[in-house]
Amino acid sequence: MSVKVENLEHNMAKLTIEVSAEELEKALDYSYNRQKKQISVPGFRKGKVPRAMVEKMYGPSVFYEDAANKLMQDNYPAAVDESGLDIVSRPTVDVTQIEKGKPFIFTAEVAVRPEVTLGKYMGVTVTKQDTTVSDDEVAEALENERNQNARTVSVTDRAAQMGDTAVIDFEGFVDGVAFEGGKGENHSLELGSHSFIDTFEDQIVGKNVGDEFDVNVTFPEEYQATDLAGKPAVFKVKVNEIKAKELPELNDEFASDVSEFETLEEYKADLKTKLENNKKNSVRKEQEDEAIQKIIDKSKMDIPAAMIDTQCDSMVEEFAQRLAQSGLSLEQYMQFSGQTMEQFREQVRPEATSRIQSSLVLEQIAKEENIEVTEDDINAEIERMATMYGMEADKLKEYMGDAEKESMKKELALSKAADLIMENVKERAKPKKKTEDAAEA
């Protein structure tokens, strides 16, 4: 295998990778052996048709696509290593030569990590914020705790209300015809969550268990399924169950049930301390984001579009995994939210860009400040993660490969760079609004 690197504009590069004719022949033979059991030719038993006979009947290119995919998968990682490039995107590949008896040649266009020219990063000014916790905030936290410890009870003596969870069967129709993805059974829908399109949830309010009825909605004009966009739809709905929350009494018994404290007052005092710590951490994160953004604004970097596209892909995958945990597919989410995948990708693109900018800036600070991550740092992080997951640190370490450890090392370096920034920030009071100045006067 040989690799030729061509540097392109905007931190893009093109790898031209050449694989020997012998390797191509092996890949073609691999493809034939993988597919021969499915090939049927009169006069031969399945799996016994000679490769030459198949190529004569269907043309010499019959195994090219499968062989090309294998050669690209097998040779691209080694080509990346040989190139010495710091690649930060998925490749856009193109086969430029595939022919028996000749070398196999393909190209891969990739984004390369851009250089960063830092602006001022020591002594950045951030907005000072209040970290005190009010009695109202404590009361709100208590109410949230009550909701989390509420019992879910089936309701049979009244109709569905906002805040209830309705367990429903549904099937959607447009122009009297059922459409794909519009059917569900025993689906738990929290009324008021706005997870279904248009006024779907509103029309369940007032219905009782056992009721069967039509819900009339209209798909958004900008809808991913163009055959449904802007069209009125009718959902046949049946209410199988209505569930409501039953909140516990706010007293000493409640405090002892949800905490290690015997009285409500002790529990409230502890809750206030935790809220104060959470607020301090939250304020620190906001100030850190503010400081990093100011450094980004004063720094220079040319981020290739392919790098942002790859980050968008990762964020979409993360979101799909979170949806799956709640029993919803990405396709269903798109249908109910009325978005197309392209619209969703554009929605996450600014956040993807911001993540990349932050990471690049922190990496450069770590480099310029000679920040090092020691083995002790890594072990401490593994201990922290093991505690969080309820595992033994040694066991967790065994499960981690070199790639995971290297990724952890990079994240710790970024964290140390962020700590360095925050150790040197200058707080400035938030400017008063004109109305506040007038009120004081």
Side-chain angles (χ1 to χ4, degrees), residues 10-11 86 88 113-138 140-141 272-305 307-308 311-312 314-315 346-374 377 380-381 384 407-441:
H10 303 300
N11 291 303
D86 190 354
V88 291
R113 187 175 300 278
E115 292 185 2
V116 178
T117 303
L118 288 171
K120 177 186 175 182
Y121 61 88
M122 289 293 205
V124 178
T125 303
V126 295
T127 307
K128 188 173 184 178
Q129 296 187 47
D130 185 12
T131 58
T132 57
V133 172
S134 68
D135 291 341
D136 286 344
E137 287 173 304
V138 175
E140 184 181 349
K272 185 171 185 177
T273 300
K274 288 177 179 175
L275 288 173
E276 286 170 345
N277 290 334
N278 289 342
K279 186 172 276 194
K280 286 173 185 175
N281 291 334
S282 177
V283 165
R284 188 193 186 282
K285 184 66 175 71
E286 287 180 24
Q287 290 181 330
E288 182 182 304
D289 290 343
E290 183 183 358
I292 291 172
Q293 186 57 53
K294 286 186 175 180
I295 298 167
I296 290 169
D297 293 341
K298 297 294 183 181
S299 301
K300 293 179 182 178
M301 62 193 99
D302 184 8
I303 301 175
M307 186 179 186
I308 300 173
Q311 182 65 46
C312 286
S314 296
M315 291 174 68
E346 283 305 307
Q347 182 181 317
V348 303
R349 197 172 185 83
E351 174 63 20
T353 304
S354 179
R355 286 190 189 185
I356 291 169
Q357 289 172 327
S358 298
S359 181
L360 288 173
V361 158
L362 290 173
E363 283 175 10
Q364 190 63 28
I365 291 172
K367 183 178 178 181
E368 295 195 9
E369 293 292 331
N370 297 313
I371 290 174
E372 293 183 0
V373 176
T374 65
D377 292 329
E381 179 63 9
R384 186 192 68 79
S407 176
M408 178 184 288
K409 193 173 181 179
K410 287 181 179 178
E411 286 300 318
L412 287 171
L414 299 187
S415 180
K416 282 191 170 189
D419 289 343
L420 178 66
I421 293 168
M422 292 306 294
E423 286 165 10
N424 291 276
V425 295
K426 297 175 182 176
E427 286 191 321
R428 178 193 61 199
K430 195 173 183 179
K432 291 181 180 179
K433 296 177 182 178
K434 289 182 180 178
T435 52
E436 291 175 346
D437 286 337
E440 286 186 7

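Side chains are part of it too, since the values below use all heavy atoms of this structure and drop only hydrogens, waters and symmetry mates. The shown structure was predicted, so the numbers you read here are calculated from the model rather than taken from an experiment.
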Contact check, side chains of Glu288 and Met422, non-hydrogen atoms, under 4.5 Å: yes
Gap separating the CE atom of Met408 from the CD atom of Glu411, nearest 0.5 angstrom: 10.0 Å
Count the heavy atoms of every other residue, nucleotide or ligand shown that sit under 6.0 Å from CD of Glu286, and state whether that count exceeds 12. yes
Suppose we screen for side chain to side chain donor-acceptor pair (under 3.5 Å). Which residues come up paired with Ser299, at least two apart in sequence or across chains? none
Tightest non-hydrogen contact, residues Asp289 and Lys285, listed as OD1-NZ, 2.6 Å
Any non-hydrogen side-chain atom of Leu414 less than 4.5 Å from a side-chain atom of Glu363? yes
What heavy-atom pair brings Gln311 and Ala352 nearest, and what distance separates the two atoms? CG-CB, 3.6 Å
So CD1 of Ile296 and CG of Leu360: to nearest 0.5 Å the spacing works out to 9.0 Å
Distance check, rounded to the nearest 0.5 Å: Thr273 atom OG1 versus Asn278 atom CG? 11.0 Å
Decide, yes or no, whether a salt bridge links Lys280 with Glu276 under the criterion of side-chain N to carboxylate O below 4.0 Å. no
Are Lys294 and Glu290 ion-paired here, with the side-chain N under 4.0 Å from a carboxylate O? yes
Check whether any side-chain heavy atom of Val126 sits under 4.5 Å from a side-chain heavy atom of Glu427, and report yes or no. yes
Nearest heavy-atom neighbours spanning Lys272 and Asp135: NZ-OD1, 4.3 Å
Quick one: does Tyr121's side chain get under 4.5 Å of Gln364's, heavy atoms only? no
Over all atoms of both residues, closest heavy-atom pair of Gln287 and Thr127: NE2-O, 2.9 Å
So CZ of Arg113 and CE of Met307: to nearest 0.5 Å the spacing works out to 5.0 Å
Ser134 side chain to Asp136 side chain, donor-acceptor N/O pair below 3.5 angstrom: no
Please lay out, stage by stage, how Ile421 and Leu362 fare under the test side chain to side chain contact (heavy atoms under 4.5 Å, CB included). CA-CA 9 Å; Ile421 293 168; Leu362 290 173; 3.7 Å; yes
For Ile371 versus Leu420, what's the shortest heavy-atom pair and its separation? CD1-CD2, 4.4 Å
Does CD in Glu115 sit with more than 12 non-hydrogen atoms of other residues, nucleotides or ligands closer than 6.0 Å? no
Minimum heavy-atom distance between Leu275 and Glu137, given as atom pair plus value: CD1-O, 3.9 Å
Within the structure provided, determine whether Ile303 and Asn11 are in side-chain contact (heavy-atom separation under 4.5 Å). no
Rounded to the nearest 0.5 Å, what separates atom CD in Glu346 from atom SG in Cys312? 7.5 Å
Is there a side chain to side chain contact (heavy atoms under 4.5 Å, CB included) between Leu118 and Val361? Walk through the geometry before answering. CA-CA 7 Å; Leu118 288 171; Val361 158; 4.0 Å; yes
List the residues meeting side-chain contact (heavy atoms from CB on, under 4.5 Å) with Glu140, not counting sequence neighbours, and say none if there are none. Asn144
Hey, does the side chain of Ser359 reach the backbone of Arg355 with a donor-acceptor pair shorter than 3.5 angstrom? no
Glu369 side chain near Met122 side chain, heavy-atom distance below 4.5 Å: yes
Between the side chain of Ser354 and the main-chain N/O of Pro350, is any donor-acceptor distance below 3.5 Å? no
Verify the neighbour count for atom NZ of Lys279: are there more than 12 heavy atoms of other residues, nucleotides or ligands below 6.0 Å? yes
From Lys409, Arg384, Lys416, residue fulfilling salt bridge (Lys or Arg N to Asp or Glu O under 4.0 Å) relative to Asp377: Lys416
